[in-house]
Amino acid sequence: MCGIWALFGSDECLSVQCTNAMKIAHRGPDAFRFENVNGFTNCCFGFHRLAIVDQLYGMQPLRIKKFPFLWLCYNGEIYNHHTLQKQFAFDHQTKVDGEILLHLYDRFGIQKMASLLDGVFAFILLDTATNKVFLGRDTYGVRPLFRFLTDDGFLAVCSEAKGLIDITHAMDTSVKIVPFLPGHFEVFDLKLNGKVRSIQMERFHCCTKEPAHAIYDLVERLPTSFDEETVKSNIRTLFESAVRKRLMASRRIGCLLSGGLDSSLVAATLLKLAKEEKLQYPIQTFSIGSEDSPDIIAARKVSAHIGSEHHEVNFSAEEGIQAVEDVIFHLETYDITTIRASVGMYLVSKYIREKSDSVVIFSGEGSDELTQGYIYFHKAPTPKAASEDSVRLMKELYLFDVLRADRTTAAHGLELRVPFLDHRFTAYYLSLPEDMRTPKHGVEKHLLRDSFKDLNLIPDEILWRRKEAFSDGMTSVKKSWYISLQEHLESMVNDDQMEKAHKTFPHNPPPTKEAYYFRQVFEKHYPGRAEWLSHYWMPRWTNATDPSARTLAIYNPDKEQ
């Protein structure tokens with residue numbers, strides 16, 4: 001997890017512009033470099049490093065003797081870099097996982113390079129031999145990337161939008177800053193004055209197709225039968241492989257544990273594999289909640305069962321309310337459910353940074369979208385409709401849950417790893433027959449739960465525990481965190497403002513006072529940038545007016561909570 005920033009064809013002196021790169025310093029607290037590109041007067045790279053792999057040669061822009069014409073700035077981890085190095089007999093000069101991009105690009109070109117990467121990444125690659133600039137981002141956008149391009153060819157790129165909003169340029173009107181589309185790469189022609197022209201934008205992988213790198217995967221070809229036992233065995237094999245490949249780190253690994261199904265499966269598998277790989281330290285798990293919250297109680301049970309070194313972070317509504325503005329600043333969104341859920345994750349990440357030495361943090365993100373885990377999936381009219389909505393959610397992850405997970409951890413210099421979004425695992429799961437993946441017997445994620453039945457990996461009551469949204473499970477069933485938040489914000493926005501909300505904020509007008517307040521804070525930090533969010537996250541097939549599952553008629557928490 002790092003921060004990358006680059007300018008091509010700057011209209012202003014680079015030393016003035018580079019102060020903008022410091023706005024993402026939190027992403028890489030270990031080191032910073034700012035480097036001009038020789039021969040191109042108005043081009044430069046900025047890089048904030050969080051050292052996870054190769055402490056000695058990991059600084060960027062990454063350049064090696066073999067390819068003096070290539071410059072690489074990337075943020076992410078390439079889990080199959082050793083496999084590809086052996087497969088193609090590349091002669092590596094460093095232990096940096098990102099070096100594989102240079103070799104792949106030189107041998108195969110950008111399209112094949114991007115499609116062979118198994119991992120999460122956002123990259124800026126400069127080829128001064130052909131005068132080309134390339135941008136790319138992983139399939140689900142787990143790693144963030146934003147760009148702006150002026151009409152006269154000034155390109156600015158950054159991990160977070162905040163590093164671009166104050167860049168000076170010669171245009172009279174404000175320039176659109178847009179999130180770079182996941183699963184795509186873009187090619188630019190680079191002129192000698194540093195200006196660029198976009199000549200190609202292409203998708204290299206989509207979530208429903210098996211990725212090109214699967215043929216070199218450590219897991220051999222799986223049985224293709226849709227027999228239930230075979231499917232469940234394949235799910236276990238691929239999930240375990242997803243966790244195993246993410247153990248690649250020279251810094252301490254920990255895990256977020258909410259006590260829900262997803263984070264519990266990740267934590268239990270992580271502990272099992274850490275023993276097998278003989279990691280030299282105990283795995284720490286972290287949960288956040290108020291004393292009587294369902295999450296805290298459930299996480300305690302899981303931790304005791306799997307034997308992790310467990311930490312509990314006490315959460316109060318007052319502390320949450322105080323953190324809201326900082327959270328919105330880091331998120332760069334005003335989506336209601338994203339902000340609610342981010343507060344807890346932001347505070348637990350702050351605790352991890354200050355009170356532990358865990359830096360690489362595993363988490364259960366992506367499972368709900370993949371396995372139809374949201375409670376509203378019980379209301380899906382057909383298995384086909386449910387499957388289509390699952391794919392829609394996967395494609396929109398970079399606007400919602402994945403954005404939350406990246407920004408709340410990156411705010412405190414932590415690196416997040418999300419095994420449920422492993423390419424091979426997601427492609428397999430989405431290839432299964434539609435009716436296999438729907439809720440069964442009134443239980444969502446039935447297939448996933450059933451795949452881990454009778455293994456004693458996690459306690460049975462957790463394996464079959466009903467879905468709780470993270471922002472709900474942190475507080476007691478009697479009073480949700482979002483209710484406390486709404487009550488507090490009631491006095492912050494008046495009825496007159498609400499009546500004019502459609503005129504004040506024509507794009508995505510806020511439906512409630514809570515949403516209005518979030519929008520005000522967002523506009524304070526990012527004025528006129530509302531289009532970064534295309535729509536609010538809301539449940540489907542219900543008459544929901546609030547994204548919380550606790551407001552749905554079909555919500556039914558476990559009785560013992």
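The first residue in the sequence is number 1, and the count goes up from there.
- When Leu279, Leu247, Leu257 are each tested for a side-chain contact (heavy atoms from CB on, under 4.5 Å) with Leu270, only one passes: Leu247.
- For His412 and Tyr351, the ring centers sit 6.0 Å or farther from each other.
- Annotation: Phe239 is in aromatic contact with Phe420 [ring centroid separation under 6.0 Å].
- Across all their heavy atoms, Arg221 and Arg424 have their closest contact at CA-NH2, 4.3 Å.
- If you look at His205 and His423, their ring centroids are closer than 6.0 Å.
- Classified by interplanar angle (parallel below 30°, tilted 30° to 60°, perpendicular above 60°), the ring pair Phe204/Phe185 is parallel.
- Aromatic pair Tyr334/His525: centroids not less than 6.0 angstrom apart.
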Review point. Between Glu160 and His330, is a side-chain hydrogen bond (donor to acceptor under 3.5 Å, both in side chains) present by the stated rule, with each step listed?
Key: CA-CA 9 Å; Glu160 297 179 19; His330 279 288; 4.9 Å; no
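- Note on ring orientation: taking the six-membered ring where Trp is involved, the planes of Phe34 and Trp5 are tilted (angle from 30° to 60°).
- The heavy-atom pair separating Cys2 from Ser159 by the smallest distance is O-OG, 3.9 Å.
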Practice item. Mind running side-chain hydrogen bond (donor to acceptor under 3.5 Å, both in side chains) on Gln284 and Ser358 for me, showing each step along the way? Key: CA-CA 7 Å; Gln284 296 176 324; Ser358 289; 2.7 Å; yes
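- With rounding to the nearest 0.5 angstrom, the NZ atom of Lys245 is 12.5 Å from the CG atom of Leu273.
- Note on ring orientation: taking the six-membered ring where Trp is involved, the planes of Tyr429 and Phe425 are tilted (angle from 30° to 60°).
- Between Phe8 and Phe40, the ring centre distance reaches or exceeds 6.0 Å.
- A side-chain contact (heavy atoms from CB on, under 4.5 Å) with Leu256 is found for one member of Thr285, Ile352, Asp262, Leu414 and no other, namely Ile352.
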Review point. Given the rule in the side-chain hydrogen bond (donor to acceptor under 3.5 Å, both in side chains) test, do Asn234 and Thr237 qualify, once you have shown the distances and angles that lead to the verdict?
Key: CA-CA 5 Å; Asn234 287 347; Thr237 301; 5.3 Å; no
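- Judged purely by atom type and a 3.5 angstrom limit, Glu240 has no side-chain atom pairing as donor or acceptor with the backbone of Thr269.
- Remark: Lys162 is positioned above the aromatic ring of Phe329, its terminal NZ or CZ atom under 6.0 angstrom from the ring centre and at most 45 degrees off the axis.
- Across every non-hydrogen atom of Arg251 and Tyr281, the tightest pair is O-OH, 3.8 Å.
- In this structure, Cys158 SG and Phe146 CZ are separated by 9.0 Å, a value rounded to the nearest 0.5 Å.
- Note on ring orientation: taking the six-membered ring where Trp is involved, the planes of Tyr526 and Trp532 are tilted (angle from 30° to 60°).
- Here Leu271 contributes atom CG and Phe362 contributes atom CZ; the two are 10.5 Å apart, rounded to the nearest 0.5 Å.
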